[in-house]
Amino acid sequence: MSTEENPAAAPRSLAEALRGRDDVSLAALLRSRPDLITPVPTDLTQLATRAGTRASVVRALERLDRFTLQTAQALAIASEPATYDELLGLMAGDDGDPAVSAALPHALGTLREQALVWGGDGRLRLVRTARELLAPSPQHPSPTGLGPTVREAGAGISPGRIQEILATAGLPSTHDSVSALDALTGLFDDPERMSALLDQAPSESVEVLERLVWGPPYGQVTADPAPRLRWLLDRGLLLPTAPGTVVLPREVALRLRAGRAHRTTEPVPPPVEAAAAHRPQMVDATAAGQAYTALATVEELLKDWHEGGPGVLRAGGLSVRDLKRTAVALDVPEPVAAFWVELAYAAGLLASDGEADERYAATPAYDEWLERPAGERWARLATAWLAATRTPGLVGERDAKDRTLSALGPGLDRSSAPEVRHRVLALLAGLPEGAAPDTGSLLARLRWERPPRADRTGGGPGGGTSSPYARRTPAHPAEQARGAAARAGGSGAPGYPADGASAAGGDDDLRSRLARWTLAEAEMLGVTGRGALSSHGRALIGAPPAPRHADPQTEPTGPGDKLPVHHRQAPAPPALSPAEQATAAAAAARLLDPLLPEPLDHVLLQADLTAVAPGPLERPLADMLGVLADVESKGGATVYRFTPTSVRRALDAGRSAADLHAFLAAHSRTPVPQPLAYLVDDVARRHGHLRVGAASSYVRCDDDAVLNEILADKRAAGLGLRRLAPTVLAARTDPAALLEGLRAMGFAPAAESAEGDVLIARADAYRTPPRTPPEPVPDGPPVPDDTLLAAAIRAVRAGDLASTAPRKPVGGAAGGAPGELPRTSAADTLAGLQAAVLTNDTLWIGYVNAEGGASQRVIAPIRVEGGFVTAYDHTADEVRTYPLHRITGVAELAE
């Protein structure tokens with residue numbers, strides 16, 4: 001690549017470099033750094049200033065891949081400005097590296113596109129804020145492990161001591177310290193003279209250099225250094241920076257490293273390895289089974305909360321006790337229960353009711369969701385999961401104030417979660433069809449694409465401390481337990497990886513933990529099957545068809561076949577707009593529907609008072625059976641058990657014994673067993689024999705012997721019963737408590753209305769008022785669309801024209817320096833505008849709006865009348881009218 005450049009034609013600032021870009025390049029900049037367009041800058045100078053602010057630069061650095069970040073780190077320790085050849089030498093070393101040479105132009109192009117680097121190949125400049133963040137310093141060592149230059153380290157050394165170092169190193173003396181340090185730098189930069197100097201070094205001194213060469217470059221010495229250290233200090237190979245502290249100068253380290261800024265450069269992203277391959281049909285079938293289980297689990301969760309779920313903590317969220325109860329009800333571990341609760345919340349199916357005694361319950365949207373086909377119901381859950389920023393894996397950890405993070409509570413949002421989920425699934429989509437990834441290689445790829453924060457400004461290999469804006473996320477207690485179980489030979493919680501590496505080791509950043517949780521949650525939700533991305537999961541993210549194996553002999557034939565060769569990763573699917581995401585979700589639902597089991601309209605009744613459902617049941621059948629019987633076990637087939645309590649529950653819901661007999665006969669493929677028929681008749685015979693009403697409450701019965709039995713029972717003492725008539729007893733307790741008390745004594749009372757009719761206790765579910773799903777917390781400003789980009793670029797260029805165009809003097813007064821508002825008298829302003837109307841000239845004006853905001857505009861006046869000027873505003877690309885009293889002055893544009 002050429003390094004020749006005309007210095008006179010080179011841009012002198014980032015703003016000038018941006019002015020030389022075309023619209024496509026500016027659009028790429030604003031798309032990669034959307035914070036620069038919020039709000040739209042007035043001109044390119046303001047855009048360049050905003051691009052150099054610390055917050056914006058930090059955000060841009062966080063989104064660089066490892067090799068591009070290494071390129072920026074190399075520029076931070078290069079000369080200012082640097083040449084392309086110098087940068088290539090720092091990245092590839094003296095021996096050269098073909099892979100680095102091939103990848104460097106793209107990395108440099110990325111830095112230029114994001115306005116982190118500007119200038120031609122002969123004069124490369126890193127934005128000053130980025131240099132401050134990445135350059136080595138005692139407070140924030142560089143990940144390169146390099147220290148200060150000879151000039152920087154020797155600034156505090158006395159002139160006499162510097163001359164002594166020159167003499168010992170075999171260099172002639174100079175007349176000042178500046179030239180002495182330059183001579184010492186020239187010695188270290190010369191490979192031949194540097195090699196000759198090191199050949200004279202004692203072996204112990206060479207060992208000291210080898211320990212410091214890859215960093216940290218600082219060391220401690222005593223007031224009387226050892227001979228091996230004295231030899232290095234006398235020749236400037238180590239320079240003192242503070243009392244008792246020495247440093248290895250950057251030039252010396254680079255010579256010892258053969259010119260390389262990094263010990264290991266990574267120009268090529270690590271491939272995602274396929275750990276195992278399965279038949280695609282098996283993957284889809286497994287994922288469909290998991291999807292069906294996910295739908296059943298969410299339904300079971302919200303059915304359990306039909307009459308109002310657990311209460312809301314004062315600080316928000318579920319209590320630990322309620323989460324344990326939910327986990328027991330769903331028969332899953334607590335971390336998995338937290339996932340299902342958060343998923344229902346993210347999908348808008350669950351919310352708090354907002355009452356004084358606030359509780360969680362299903363929303364009206366849940367009833368609408370139940371009526372949709374199974375594929376659409378799954379697609380809604382999966383889409384909500386993809387976009388949610390709430391992270392259930394954090395439940396149980398502690399926040400910055402040492403408060404426990406609870407399910408459905410505050411503090412669980414992580415704005416990077418949706419991006420990590422999409423990226424993990426995109427990497428899975430790049431594997432051959434049916435291939436499950438190796439988790440280690442997947443995490444390595446993610447770390448290459450977004451290096452951990454500690455690797456950006458220190459703390460990585462060869463670095464010193466961590467980034468000043470880094471904060472380590474604590475490990476999940478459930479992960480710690482799973483890690484202990486894995487180390488002891490046990491297994492972790494079902495659904496989540498039994499892998500405590502990230503928690504136990506403490507080396508994984510939040511992005512890696514999110515990736516692990518994504519793999520586990522995708523499997524539970526049915527997006528993946530046996531670790532491989534399913535066909536409906538692929539459609540959900542808008543990925544193209546899966547690549548096939550190149551060699552037919554490598555086609556997988558079994559569920560655990562290894563892939564014998566590496567493969568080329570397929571390109572990642574593009575980010576989807578909301579409309580495209582809805583289309584993708586509909587496509588995923590269509591692919592999933594044929595894979596889900598068809599609902600059944602029958603059960604198998606057995607003589608032991610149980611019913612077996614060999615598959616999913618149609619909703620009316622499942623709802624009625626859920627009232628008439630209790631679920632005893634779940635799995636491939638669901639077992640229901642009939643008990644006196646469950647039959648009474650059906651009678652309380654308004655069913656008669658005849659209705660129950662007809663229902664069982666109509667929906668059983670086997671004859672109704674005699675014990676079940678007897679159970680229904682026996683409970684129905686006693687149901688409603690007693691009547692409970694409000695006195696506070698009362699009991700009436702046509703058989704006074706039954707009332708005598710109740711009064712004689714010691715268990716009735718707490719009900720406060722007394723006889724009002726031979727067939728009526730009064731009670732001090734309310735009707736509900738009286739009903740429960742009598743049922744506990746073995747009776748089957750029925751509630752009675754004020755008119756004496758039996759009250760039917762229908763299983764009407766409690767619902768919250770209409771609620772909207774929680775809004776994801778955005779990870780910075782959204783990426784602007786093409787329409788907004790085009791309008792913003794047009795406005796920025798017009799504003800830049802107004803601020804930089806050369807002006808002519810008007811009325812004997814200068815138009816002002818570039819960037820300043822023109823200032824002319826009211827008479828000169830009016831005369832200039834009127835003259836421009838006659839000559840069709842374009843003017844540069846200063847304008848102050850009603851809020852006091854000043855701006856510069858380029859206008860072509862059309863008419864001036866009534867204290868207003870109507871003109872075509874080139875800045876806004878439209879015709880506007882301006883009050884004359886708000887125009888600060890006018891100036892003509894030069895030819």
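Of all non-hydrogen atoms in Pro34 and Pro781, the two that sit nearest each other are CG-O, 3.6 Å.
Judged as a side chain to side chain donor-acceptor pair (under 3.5 Å), and not counting sequence neighbours, Thr391 has no contacts. Listed by chain and residue number, Ala444, Arg445, Trp448 satisfy the side-chain contact (heavy atoms from CB on, under 4.5 Å) test with Pro270 (two or more places apart in sequence, or in another chain). Annotation: side-chain contact (heavy atoms from CB on, under 4.5 Å) contacts of Gln46 (sequence neighbours excluded): Pro41, Thr42, Asp43, Arg50. A search for salt bridge (charged side-chain N to carboxylate O under 4.0 Å, His left out) contacts involving Arg255 returns Asp94, not counting sequence neighbours. Glu113 meets the salt bridge (charged side-chain N to carboxylate O under 4.0 Å, His left out) test with no other residue; sequence neighbours excluded. Take Glu86 and apply the salt bridge (charged side-chain N to carboxylate O under 4.0 Å, His left out) test, not counting sequence neighbours, and it matches no residue. In this structure, Arg235 has no side chain to side chain donor-acceptor pair (under 3.5 Å) partners at least two apart in sequence or on a different chain. For Leu181, the side-chain contact (heavy atoms from CB on, under 4.5 Å) partners at least two apart in sequence or on another chain are Val150, Ile162. Looking at residues two or more places apart in sequence or on another chain, you find a salt bridge (charged side-chain N to carboxylate O under 4.0 Å, His left out) between Arg511 and Glu419. Taking Ala27 as the reference, Arg31, Leu789, Ile793 meet the side-chain contact (heavy atoms from CB on, under 4.5 Å) condition, with sequence neighbours excluded.
Separation of atoms CG (Leu212) and CG (Leu256) is listed at 10.0 Å; rounding is to 0.5 Å.
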Side-chain atoms of residues 125-135: list all donor-acceptor pairs with protein atoms under 3.5 Å, sequence neighbours left out, distances to 0.1 Å.
residue : atom : partner : partner atom : Å
Arg125  : NH1  : Glu80   : OE2          : 3.3
Thr129  : OG1  : Gly52   : O            : 2.4
Arg131  : NE   : Glu80   : OE1          : 3.2
Arg131  : NH1  : Ala76   : O            : 2.9
Arg131  : NH2  : Leu75   : O            : 3.0
Arg131  : NH2  : Glu80   : OE1          : 2.6

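For the side-chain contact (heavy atoms from CB on, under 4.5 Å) with Val424, the lone residue among Ile541, Leu446, Leu443 that qualifies is Leu446.
Between the side chains of Thr38 and Asp35, not a single donor N or O lies within less than 3.5 Å of an accepting N or O.
A side-chain hydrogen bond (donor to acceptor under 3.5 Å, both in side chains) check over residues 178-190, counting only residues at least two apart or in different chains, returns the pairs Arg151-Asp182, Thr174-Ser179, Asp176-Ser179, Asp190-Arg193.
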